[in-house]
2 protein chains.
Amino acid sequence: MDLVNTTTLLRQHGVRVTAQRIAVLRAVSDQPHSTADDIDKVVRADIGTISRQAVYDALTALTDTGLLRRIQPAGSPARYENRVDDNHHHLICRTCNCMVDVDCAVGETPCLTAADDCGYEIDEAEVVYWGLCPECATTYRNESTRRKRKDRRV
Amino acid sequence: MDLVNTTTLLRQHGVRVTAQRIAVLRAVSDQPHSTADDIDKVVRADIGTISRQAVYDALTALTDTGLLRRIQPAGSPARYENRVDDNHHHLICRTCNCMVDVDCAVGETPCLTAADDCGYEIDEAEVVYWGLCPECATTYRNESTRRKRKDRRV
DNA sequence: ATCAAAGTATGGATCTAGTCAATACAACCA
DNA sequence: TGGTTGTATTGACTAGATCCATACTTTGAT
């Protein structure tokens, strides 16, 4: 995404255009699933300086206007991605916390129907698949064959 | 759940039986979706004294042995429940954060199949439905008819 | 029943992710 | 090209959770 497009995008969404916001939006686009801290580092390398607060402000503004999506998986700081217009889900590794996108198994506008909505007005179904990524699964198998696990009370 | 059953349950799971753990387990059973802080308060009222650390330790131990399940919804401290053996999901209100259980729409051992598992070994599908609970939905509708919303740049 | 080993509780320090508040600054509209 | 309004910066602050060292319990073995 080039500078002009990024600027236009911000303007279209009624967001004031600042160097910080452009840099934040581009950082997330370049590397989806980044944490605020990741983004802070990237932006700092990119435009020289930015405050931590500005990163949070920009992420909040961009999320509120629908340019970014915030993901807050259990046991991890919030992550951001720019793929906002489809209903996709995430696959997260319990060991290394790496995350990949996965399309919804159900269909177009899926998952929004709970068995019983209890009177709630549901607007989003968030699906997270937890497991082991290929690398961690391999590592785990090797380790468990190598060393015998001894029983341990908790 | 009475004292004897709770004790037996802990022992069956290879967890040492202490007053604190019994109290924690019972507190969660009595009031599912409690936060660590809620539990701390209840247990303190129940057995007189417990350290915050002991609450966390107990919750971790009970979660690790499968007696409790930890839920960590976005924007909320971790919550705990004792309904662990079925695959049920949660409905959370964006406004008041209240949470109710909801059975899985798909079936018995559901949702575990992503469209493409990317080589991951998936062991859990976590589904959270976000929306407005009946009370908050009513409140919201009243407010939005009462005051006109003005456009606001971000 | 008693004892030693191993696990657990306590209190206090510490950490991380994130928010708040005040001032300085920049974007944008007239 | 101001003037208004929103944004960035800095620094203090908070909640939630974890780490550490010491003291205390539980429990299996004697």
Side-chain angles (χ1 to χ4, degrees), chain A residues 3 6-25 33-41 43-44 46-65 67-68 70-80 97 150-154, chain B residues 3 6-8 10-25 34-41 43-44 46-65 67-68 70-80 97 150-154:
Chain A
L3 185 66
T6 309
T7 304
T8 308
L9 201 56
L10 288 171
R11 233 182 276 276
Q12 280 173 346
H13 283 76
V15 177
R16 284 207 176 169
V17 179
T18 68
Q20 289 84 349
R21 290 174 172 199
I22 292 171
V24 165
L25 183 51
H33 308 148
S34 291
T35 64
D37 193 57
D38 297 336
I39 295 160
D40 187 88
K41 285 198 184 69
V43 171
R44 189 153 290 153
D46 185 13
I47 65 172
T49 177
I50 190 172
S51 67
R52 204 160 39 100
Q53 185 63 47
V55 173
Y56 279 109
D57 285 351
L59 289 171
T60 303
L62 297 173
T63 303
D64 287 349
T65 51
L67 277 164
L68 295 181
R70 175 186 283 117
I71 318 156
Q72 291 173 265
S76 155
R79 289 160 186 277
Y80 296 84
N97 268 316
K150 58 176 178 182
D151 281 349
R152 213 174 61 82
R153 307 205 81 185
V154 180
Chain B
L3 184 66
T6 309
T7 305
T8 309
L10 288 171
R11 232 182 277 276
Q12 280 173 350
H13 283 76
V15 178
R16 285 208 174 168
V17 179
T18 67
Q20 288 83 351
R21 288 172 174 201
I22 291 172
V24 166
L25 184 50
S34 291
T35 64
D37 194 56
D38 297 335
I39 295 161
D40 186 88
K41 284 196 185 69
V43 171
R44 189 153 290 154
D46 185 14
I47 64 172
T49 179
I50 190 172
S51 68
R52 205 160 39 101
Q53 184 62 50
V55 172
Y56 279 109
D57 285 351
L59 288 171
T60 303
L62 296 173
T63 302
D64 287 349
T65 52
L67 277 164
L68 295 181
R70 175 185 284 119
I71 317 155
Q72 290 171 266
S76 156
R79 289 160 187 275
Y80 297 84
N97 268 316
K150 59 175 180 183
D151 281 350
R152 211 173 61 83
R153 306 207 80 183
V154 180

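The chains referred to below are lettered A, B, ... by the order of the sequence lines, with proteins before strands, and numbering in each begins at 1.
Counting heavy atoms from C-beta on, the side chains of A:Val43 and A:Gln20 never come closer than 4.5 Å. When side chains are defined from C-beta on, A:Leu10 counts as touching A:Leu67, because their heavy atoms get closer than 4.5 Å. The side-chain heavy atoms of A:Gln12 and A:Leu9, taken from C-beta on, include a pair separated by under 4.5 Å.
Listed nucleotides: D:dA8, D:dT18, C:dA9. Nearest to the side chain of A:Ser51: D:dA8. Between D:dT18, C:dT8, C:dC28, one nucleotide has an atom nearer to the side chain of A:Arg11 than all others, and that is C:dC28.
The nearest heavy atom of DNA chain D to B:Ala78 and to B:Ala19 marks one nucleotide each, and the one closer to the 5' end goes with B:Ala78. Residue A:Ile50 is the one, among B:Thr18 and A:Ile50, whose nearest nucleotide of DNA chain D lies closer to the 5' end (criterion: closest heavy atom).
One finds a side-chain N or O of B:Gln20 lying less than 4.0 angstrom from the OP1 or OP2 phosphate oxygen of C:dT10. An OP1 or OP2 oxygen of D:dT18 is reached within less than 4.0 angstrom by no side-chain nitrogen or oxygen of B:Tyr56.
Rounded to an integer number of Å, the gap from B:Arg21 CZ to D:dT26 P is 11 Å. As a whole-Å value, the separation of A:Ile47 CD1 from D:dT9 P is 7 Å.
Checked by distance alone, B:Arg16 brings no side-chain donor or acceptor within 3.5 Å of a matching partner on the base of C:dT8. Judged by atom type and distance alone, A:Arg52 reaches the base of C:dG18 through a side-chain donor-acceptor pair under 3.5 Å.
Here the CZ atom belonging to B:Arg21 is positioned 6.5 Å from the CG atom belonging to B:Leu62, to the nearest 0.5 angstrom.
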